[in-house]
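One structure is given here, and the rest of the page talks about it.
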Amino acid sequence: MPQWRLVMQTSPNPASPVQPILAWYDRHARDLPWRAPDATPWGVLVSEIMLQQTPVARVLPVWREWLARWPEPAGLAAEPSGEAVRAWGRLGYPRRALRLHQAAVAITQRHGGAVPADHAELLALPGIGAYTAAAVASFAFGQRHAVLDTNVRRVLARLVSGAEYPPKSQTRAEVRLAESLLPDDPATAARWAVAAMELGALVCTARSPRCADCPVLDRCEWQLRGRPAYDGPPRKGQTYAGTDRQCRGRLLAVLRDAHGPVGKPALDVVWADAVQRERALDALVADGLVDPLDDGRYALPS
DNA sequence: CACTCGTGGAC
DNA sequence: TGTCCAAGAGT
């Protein structure tokens with residue numbers, strides 16, 4: 001029998017980091033609107049999509065605008081997808097806006113306008129992967145799921161594995177570890193999920209972790225080993241200047257800031273390299289983020 | 001699996 | 001100042 005089963009049967013387990021981290025969360029959790037008692041599953045879903053690879057501070061104002069304008073999925077679904085792209089503003093990765101619009105359409109058509117509570121049905125929605133499906137099921141519906149994001153992966157890497165950073169890509173061992181720590185009671189499991197994420201976001205950060213404020217410092221394996229530096233393969237540093245991504249961003253910003261369709265010259269002026277510019281524009285069209293009109297102009301999609 | 005896909009703040 | 005990185009998903 002695997003050792004973790006024995007651990008699970010002991011309740012409460014003194015060595016488990018769950019209780020100290022739950023207690024820490026009770027005192028230090030940020031007061032975020034998608035965690036409020038009146039937050040809807042739709043509000044939670046929108047927040048999770050927006051928060052993908054994007055800091056909380058930048059999401060907050062856009063999330064408020066979206067929820068005020070589209071308090072329910074049906075409202076967004078009734079709009080042209082270009083309105084979602086425009087309202088996305090400068091959050092980055094605008095394909096998320098497109099997929100969120102597609103998800104709203106699917107929720108309206110397939111689920112009667114209500115965000116599904118079922119994990120598999122969430123996973124089937126556009127733009128929702130393993131993490132987001134588990135997060136929505138857990139945070140919005142109080143279910144018991146292993147919610148494994150970049151914060152939790154880092155917390156577990158340090159606390160349990162004794163490494164400064166988790167592996168580059170998620171491993172099965174990480175999933176098993178996360179599942180082994182999950183409290184049995186669904187409501188407690190859901191609170192644990194958000195608490196572990198919050199600890200990673202506020203204390204067990206990637207750079208300059210605030211170990212003095214950590215509720216489980218005394219049992220942190222990374223700490224016990226003397227905080228050895230990361231020794232794995234070099235982690236890819238993302239370059240940006242001069243890339244297609246930067247070019248796409250410039251082109252789409254022109255369309256976002258315009259009130260209607262724009263002519264080709266308005267796009268040409270924002271990027272000097274014509275070959276790269278055309279490639280990026282074609283890609284935006286292929287992605288459905290830009291609509292080429294019959295008259296030669298360009299617009300956000302309808 | 002490795003790669004693409006935005007943006008801006010912190011150090 | 002350049003580097004790092006922030007609640008990932010899709011291909």
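A note on names: the letters A, B, ... follow the listed sequences, proteins ahead of strands, and every chain is numbered from 1.
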> Considering only the P atoms, how many Å lie between B/dC5 and C/dA7, rounded to the nearest integer?
Replying inline: 22 Å
> Looking only at atom P, what distance separates C/dT11 and B/dG6, rounded to whole Å?
Replying inline: 14 Å
> Mind checking what makes side-chain hydrogen bond (donor to acceptor under 3.5 Å, both in side chains) contact with A/Arg64, not counting sequence neighbours?
Replying inline: none
>> Under the rule for side-chain hydrogen bond (donor to acceptor under 3.5 Å, both in side chains), what residues qualify as partners of A/Lys168, not counting sequence neighbours?
In response: none
In a table with atom names and distances, give each donor-acceptor pair under 3.5 Å that connects a side chain of residues 110-120 of chain A to protein atoms at least two apart or in another chain.
unit_1   : atom_1 : unit_2   : atom_2 : d
A/Asp118 : OD2    : A/Ala120 : N      : 3.1
A/Asp118 : OD2    : A/Glu121 : N      : 3.1

> How does protein reach along nucleotides 5-11 of chain C, written 5' to 3' as B (base within reach of a heavy atom under 4.0 Å), S (only sugar-phosphate), or - (no contact)?
Replying inline: BBBBSS-
> Pick the nucleotide of DNA chain B nearest each of A/Leu289 and A/Ser169; which residue has the one closer to the 5' end?
Replying inline: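 Taking each residue's closest nucleotide, the earlier one in sequence belongs to A/Ser169.
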>> Taking only side-chain N and O atoms of A/Arg245, does any of them lie within less than 4.0 angstrom of OP1 or OP2 on B/dT4?
In response: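 No.
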>> If I take atom CD in residue A/Gln276 and atom C1' in nucleotide B/dT4, what distance separates them, rounded to the nearest angstrom?
In response: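 Rounded to the whole Å, the gap is 14 Å.
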> Please give, in whole Å, the distance from B/dT7 P to A/Met50 CE?
Replying inline: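 A/Met50 atom CE is separated from B/dT7 atom P by 15 Å.
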> Who are the ring-ring contact (aromatic ring centres under 6.0 Å, His included) partners of A/Trp271, not counting sequence neighbours?
Replying inline: none
For residues 191-207 of chain A, tabulate all N or O donor-acceptor pairs below 3.5 Å that involve a side-chain atom, not counting sequence neighbours.
unit_1   : atom_1 : unit_2   : atom_2 : d
A/Arg191 : NH1    : A/Asp26  : OD1    : 2.9
A/Glu198 : OE1    : A/Arg30  : NE     : 3.4
A/Glu198 : OE1    : A/Arg30  : NH2    : 2.8
A/Glu198 : OE1    : A/Arg35  : NH2    : 2.7
A/Glu198 : OE2    : A/Arg30  : N      : 2.9
A/Glu198 : OE2    : A/Arg30  : NE     : 3.0
A/Glu198 : OE2    : A/Arg35  : NH1    : 3.1
A/Thr205 : OG1    : A/Arg207 : O      : 3.0
A/Thr205 : OG1    : A/Ser208 : O      : 3.4

>> For A/Glu72, is the CD atom crowded, meaning more than 12 foreign heavy atoms sit under 6.0 Å from it?
In response: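 No, the 6.0 Å shell around CD holds no more than 12 heavy atoms from other groups.
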